[in-house]
Amino acid sequence: MILYTMMPHEYIFPEDDNNWNSQQVISCEAGHLVVEQINHTQYRVIRLISGNAMNYLNEKYTPGAIIQAKPQL
């Protein structure tokens, strides 16, 4: 079987449900970020999903970068 997809191997064939369940998609000004929560105020960037190629050059959205959660009012 051959899959022609841009999705990472981990999304199609997840190794562990805990890894899959810990990730979530959040919206940002550049598009959408796939992140995992470190604690209640911080997230680690896993992946950027954007149609604008220039957004991938922004260091804020580099995989592994830590972002701060904004408080919800």
Side-chain angles (χ1 to χ4, degrees):
M1 175 174 69
I2 299 174
L3 294 176
Y4 294 100
T5 180
M6 60 181 268
M7 299 303 288
H9 181 269
E10 297 83 27
Y11 285 0
I12 299 168
F13 304 106
E15 296 176 8
D16 186 11
D17 286 341
N18 293 333
N19 291 341
W20 180 257
N21 293 333
S22 68
Q23 296 181 0
Q24 55 185 315
V25 178
I26 59 173
S27 296
C28 68
E29 63 272 0
H32 299 288
L33 288 173
V34 178
V35 296
E36 65 180 352
Q37 191 167 11
I38 299 172
N39 56 40
H40 65 282
T41 61
Q42 293 182 328
Y43 292 90
R44 178 179 295 114
V45 176
I46 303 296
R47 181 169 190 245
L48 171 65
I49 303 170
S50 176
N52 184 353
M54 293 303 292
N55 291 335
Y56 292 93
L57 299 176
N58 191 337
E59 292 181 4
K60 290 191 313 188
Y61 309 122
T62 303
I66 305 297
I67 58 173
Q68 299 294 322
K70 292 184 181 179
Q72 300 275 333
L73 297 178

Any chain of hydrophobic side-chain contacts (each under 4.5 Å) joining [X] to [Y]?
X: Ile49; Y: Tyr61; result: no
X: Val45; Y: Val25; result: no
X: Leu48; Y: Ile67; result: yes

Indicate the atoms forming the closest heavy-atom contact of Ala65 with Lys60, along with that distance.
CB-O, 3.7 Å
Closest heavy-atom contact between Tyr43 and Gln24?
CE2-NE2, 3.3 Å
Just jot down the salt bridge (Lys or Arg N to Asp or Glu O under 4.0 Å) partners of Glu59, sequence neighbours excluded, or say none.
none
With sequence neighbours excluded, what pairs up with Arg47 under the salt bridge (Lys or Arg N to Asp or Glu O under 4.0 Å) test?
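Arg47: no salt bridge (Lys or Arg N to Asp or Glu O under 4.0 Å) contacts found.
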For Asn39 and Thr41, test the side chains for any donor-to-acceptor distance below 3.5 angstrom and give the result as yes or no.
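Yes.
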For Ser50, does its backbone N or O pair with a side-chain atom of Asn55 as donor and acceptor, under 3.5 Å?
no
Would one find more than 12 heavy atoms of other residues, nucleotides or ligands at under 6.0 Å from atom CE of Met54?
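No, because the 6.0 Å sphere around CE of Met54 holds 12 heavy atoms or fewer from other groups.
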Can you measure from NE2 (His32) to OG (Ser27) and round to the nearest 0.5 angstrom?
4.5 Å
Other ILVMFWY residues reachable from Ile66 by side-chain steps of under 4.5 Å
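Members alongside Ile66: Ile38.
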